[in-house]
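These figures come from a predicted structure and were not determined experimentally.
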Amino acid sequence: MKVCGGTDLDGFEIRLLRSYLVSKNLDFDYFLSKFYSQSEFKNPFDLLNFSLPPLSLWDLINIFETTIDEKFKKLNGAFYTPHFVVDYITNRVILENQDEDINVIDPACGSGIFLVSALFKLKQKTGKSYKELVEKNLFGIDIDPRAVKRTKIVLSLVVFEEEGEIPQKFNIYNGNSLDRKFLKSILNDQKFSAVVGNPPYVRIQNLDENTRNLIRKYWRFVQGDTDIFIPFFELGIELLKEGGRMGYITPNSYFTSHSAKGLRKFLQTSKYIEEIIDFDYFQVFRKNKITTYTAITIISKEPKNYFIFKKAKSESEIENLNNIEGERIYYNELNAERWVLLNSKEKEIISLIEKCPFRLKDIADIRVGLATLADKVYIIEKPKEKGNYFVKIFQGKEFLIEKDITKEIIKASVIKSEEDVLNNKRRIIFPYKLIGWKYTLIDEKELKEKFPKTYEYLLFCKEILLKRDRGKKEYESWYAFGRTQGINTTFGKKLLTPPMALQPTFVICEKEDSTFYSGYGIFPKLKPFTDLYLLKKILNSDIMRIYIELTSKSYQGGWKSYSKTFIQNFGIPKLSNEQIEFLKKENSQKIINEFLWEVYYEQGKTLSRLL
């Protein structure tokens, strides 16, 4: 029996519900008859013994959520939300809500975990019957009709178990929450005391064409390759009545991503955020086997001067959210380009570093590597030589590639030292020739005549190359690289850094005719920092490590981004001749770190007792 992918899901639901109801000594025939036809729940196969260990209601919802139809899982980015997150959010937006008659909506309700938690909180707060609360106070929307049915079922289980009744009316709707016409038809501009949920996490380019058009048509905070959770922020705030409260768990990427800049501007202007809990690189959804970096955001539709920011610093803090210490973040200190959310001590350190006379972007060009969009086609990982050719193995076939059409290429994400650079053997098929100071794509006729073996190989790969960018982009020629970036800017002496690292890993590359990919190149342009060995000591210092820890994006396992966005504003001090000579001669990293802190302190004048 399959329990996902759309096969026998109704039979699975029935057997699961029967097992749950029997364990609670409830009349399963009566309950199931309200949601399934006689032929469905009296199916002989469903009467077979289907034993499970005792399940809680939350276990049941978890199983429902993880057996969602695959097509909706891909569309919705739907995953089971841990109960401790749900409980925290519903506590904040319902129990702390000042409205006496609270109505709650989850605009992407999945199988109903937030609404079930909200139901218990509403019962605690109002004393009304569960049946009345389901019929009058709880609202949900989901694009998956099965999720809508399951939400009705789990809400009814609470009412049936507690009061022996089943609701006669539900405000749970099947449809697209981001379609304003649909919203108006079901809600008629109704506003809510509380909005809760775990909006879908899906990039706009992975959505169907209709949903992409709806997002671009109706929602203001959309720019570039946005995530679908961003318009859900706007939707949630619109659904709130004045003084209402909202709680979401979403990716924390909205702090820094370009696509969320409009949302950040709005939140800074409206001043609606009350609290953010950033889980940093700790995985709240680890039981779902997905890697998502998340944060809880609590909104109250009442402007204020600051919000409370909490950041999890250990696994133990994740499930004890009330114990995390908070810091005030004042709206007037935020920059919509990128939110750097820090406490006062951390802000001082950043200020100290960034107030130096130079920033890295002032003294060097920071460049991205080559982007072919088909690295397996172009790159020869471990080339064997055969006369004037390199041997390229691709799809089990052996091809000869003329040496003269290749360049040495370094994978910046894997190098750790200058020795790695020296021992690098990777080559890239480089179908460009130097004309003056610029590389230009080799004409197809010339390519065929001068490099016949390479041309034969590229013809073999033509269909693969044509499918780059999903076949929607027209290239200068079918064998050109997928992007023009780096073709003319990646050669020369440079420092290389991986895009992600546990600590600063800037490595010198003095091979002027080599190019690189999968990382960034630092090309100094201002003396004395054109001395790669001097600049390397500054960039690999404890100063850079702390700066990145405080300002950069986090990844699982404590890895940090070293992308241009996060390193370009790193402060570079002005050095005297004596200081330059000292750094050149000194090789102890500990002594270099201590020396540089003194230099930064002298120029920033705010380090005092921060370390």
Between [Y] and [X], is the closest basic N to carboxylate O distance under 4.0 Å?
X	Y	result
Lys241	Asp99	yes
Glu317	Lys310	no
Glu135	Lys131	yes
Lys313	Asp280	no
Glu274	Lys304	no
Arg180	Glu238	yes

Under 3.5 Å, is there a donor-acceptor pair linking the side chains of [X] and [Y]?
X	Y	result
Asn97	Ser193	no
Thr297	Tyr254	yes
Asp278	Asn252	yes

Flag yes if more than 12 heavy atoms outside [X] fall under 6.0 Å of its [atom1] atom; otherwise flag no.
X	atom1	value
Gln98	CD	no
Lys24	NZ	yes
Lys169	NZ	yes

Working to the nearest 0.5 angstrom, can you tell me the gap between [X] [atom1] and [Y] [atom2]?
X	Y	atom1	atom2	result
Leu183	Leu178	CG	CG	8.0 Å
Leu373	Lys467	CG	NZ	15.5 Å
Ile329	Asn305	CD1	CG	13.5 Å

Where at least one partner belongs to residues 303-324, residue pairs that pass ring pair (Phe, Tyr, Trp, His ring centres under 6.0 Å), sequence neighbours excluded | Tyr306-Tyr330, Phe307-Tyr331

In the structure I gave you, are the side-chain heavy atoms of [X] and [Y] within less than 4.5 Å of one another anywhere?
X	Y	value
Leu95	Lys125	yes
Leu26	Phe160	yes
Leu17	Tyr36	yes
Phe114	Cys109	no
Phe192	Ile102	no
Phe139	Val104	no
Met500	Lys560	no

Flag the pair Phe221 / Phe233 as yes when their ring centroid distance falls below 6.0 Å, and as no otherwise.
-> no

The side chain to side chain contact (heavy atoms under 4.5 Å, CB included) partners of Val158 (sequence neighbours excluded) come to Leu57, Val116, Leu119, Phe120, Tyr130, Glu162

Determine, stepwise, if the pair Lys128 / Asp101 fulfils salt bridge (Lys or Arg N to Asp or Glu O under 4.0 Å).
-> CA-CA 10 Å; Lys128 292 182 180 180; Asp101 189 23; 2.9 Å; yes

When the ring planes of Phe279 and Phe84 are compared, do they come out parallel, tilted or perpendicular, using 30° and 60° as the limits?
-> perpendicular

